[in-house]
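All heavy atoms count here, side chains included; hydrogens, waters and symmetry mates do not. In what follows, every chain begins at residue 1, and chains take the letters A, B, ... in the order their sequences are listed.
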Protein chains: 2
Amino acid sequence: MKSPRHSADTAAAPAPASRCDYGDADPFQWDTREDCEVRQILDRIGDKWSLLVIALLDVRTLRFTELRREIDGISQRMLTVTLRQLERDGLVKRTVHPVVPPRVEYQLTPLGRTLHTTINALVVWTEKHQNEIAASRAEYDRRAEAEARTAV
Amino acid sequence: MKSPRHSADTAAAPAPASRCDYGDADPFQWDTREDCEVRQILDRIGDKWSLLVIALLDVRTLRFTELRREIDGISQRMLTVTLRQLERDGLVKRTVHPVVPPRVEYQLTPLGRTLHTTINALVVWTEKHQNEIAASRAEYDRRAEAEARTAV
DNA sequence: CGGAATCCGGTCGGATACTG
DNA sequence: CAGTATCCGACCGGATTCCG
């Protein structure tokens, strides 16, 4: 008995939402509370596949299998889960054509499009600074390793 | 024996890096490969605490305990882990003052500052559209629940 | 004070099998 | 074709303990 841990697998998970109203000033107060809306979408774009899906759908409408083939590496389970979340958030529109074999198409909503645009700023930043980051990491690791040797 | 699963806990995790060089055109090709640099920093900003730390350090330099108290909810373990990652990426500078009791201060690097600026665009987007998202979710859940009842 | 090491539960996501 | 249902390993992050 003792609460089946599969609950997270399939459950809709209503989520309490926790309003956490902002004082509209204080531009640095948004992130001091953990379960705000910011976190909600951050968890979405931070997850493993959402971004890929959004980016692909921003190019054109795609069917389930097309997405699956395009992403390559995603399991059908995670594709389904990801699409359902995006649909729930109003970022993706799901259209079922009642034919046999079924034909289901996914497209970005206007909201989803604006999100992708915003995300792109982050991508640009990353591409611009990836060398600095890589260098910093290499330097850090080199130093850490050297330190480890002296400790022996 | 069989590979201790704690490896991810403390190990430095060198990470193969997987260069995955871009063709500089194709603005929508960045995200078709999964382990690119974009993913690297996305995993960072997508994790539970990095963003909070960055935002707080953007206001002013803080000590370990100050950060811990300010964030409230973070474990000392995760604060340490998060800070080490940010330091490794060159986003945060760690300064140890050799006094007794030890005094360690953390501050954002210029690179970290530019990242925070970029992130803010995402925050603005979220605050602007949180109502749409919340409404979409409520609608989705309402519809799903209604559908579940007819199925019974 | 500022960590490091260990233990451990909960969750994320992959593999597989089955369905309309 | 487009999913749903189950099972299960891997990892993330919290709690606790110990250390310089």
Problem - Note, B:Leu57 side chain near B:Leu67 side chain (heavy atom, < 4.5 Å) - result: yes
Practice task
Rounded to 10°, tell me the angle between the two end axes of the helix from C:dC1-D:dG20 to C:dG20-D:dC1, each built from five pairs.
Solution key: 40°
Exercise for the section: Would you indicate whether the side-chain heavy atoms of A:Met78 and A:Ser75 approach each other to under 4.5 Å? Expected result: yes
Handout entry: B:Glu70 CD to C:dG2 C1', straight-line distance once rounded to whole Å
Key = 18 Å
Practice task
Quickly work out the A:Lys48 NZ to D:dC11 C1' distance and round it to whole Å.
Solution key: 11 Å
Problem - Phosphate OP1/OP2 of D:dG3 contacted by A:Tyr106 side-chain N/O (<4.0 Å) - result: yes
Practice task
To the nearest Å, give me how far apart CE (A:Met78) and P (D:dC11) are.
Solution key: 16 Å
Problem - Whether over 12 other heavy atoms sit under 6.0 Å from B:Glu145 CD - result: no
Handout entry: Rounded distance (Å) that lies between atom P of C:dC12 and atom CD of A:Gln85
Key = 9 Å
Exercise for the section: Report the distance from atom CG of B:Leu83 to atom C1' of C:dC1, rounded to the nearest whole Å. Expected result: 14 Å
Problem - Separation of D:dA2 P from A:Arg69 CZ (nearest whole Å) - result: 10 Å
Fill in the blank from the handout: Taken to the nearest whole Å, CG/B:Leu62 to C1'/C:dC1 is 15 Å
Handout entry: Contact under 4.0 Å: A:Arg84 side-chain N or O vs D:dG3 OP1/OP2
Key = yes
Exercise for the section: Please tell me which of A:Phe64 and B:Gln76 maps to the more 5' nucleotide of DNA chain D, matching each residue to the nucleotide holding its nearest heavy atom. Expected result: A:Phe64
Completion exercise
Testing C:dT6, D:dC1, C:dG13 for proximity to the side chain of A:Pro101, the answer is D:dC1
Practice task
Nearest-nucleotide wise, let me know which of A:Pro102 and A:Ser75 is further upstream toward the 5' end of DNA chain C.
Solution key: A:Ser75
Practice task
Would you indicate whether the side-chain heavy atoms of A:Leu108 and A:Val92 approach each other to under 4.5 Å?
Solution key: yes
Handout entry: Side chain proximity check, B:Val104 to B:Arg63, heavy atoms < 4.5 angstrom
Key = no
Practice task
Would you kindly say whether A:Gln40 and B:Arg137 are connected by a side-chain donor-acceptor distance under 3.5 Å?
Solution key: yes
Practice task
Indicate whether any N or O donor in one side chain lies under 3.5 Å from an N or O acceptor in the other, for B:Asp47 and B:Ser50.
Solution key: yes
Problem - Integer-rounded Å distance: C:dC1 C1' and B:Leu79 CG - result: 13 Å
Practice task
Name the nucleic acid region contacted by A:Arg63, choosing base, sugar-phosphate or nothing; use a 4.0 angstrom heavy-atom cut-off, strictly under.
Solution key: sugar-phosphate
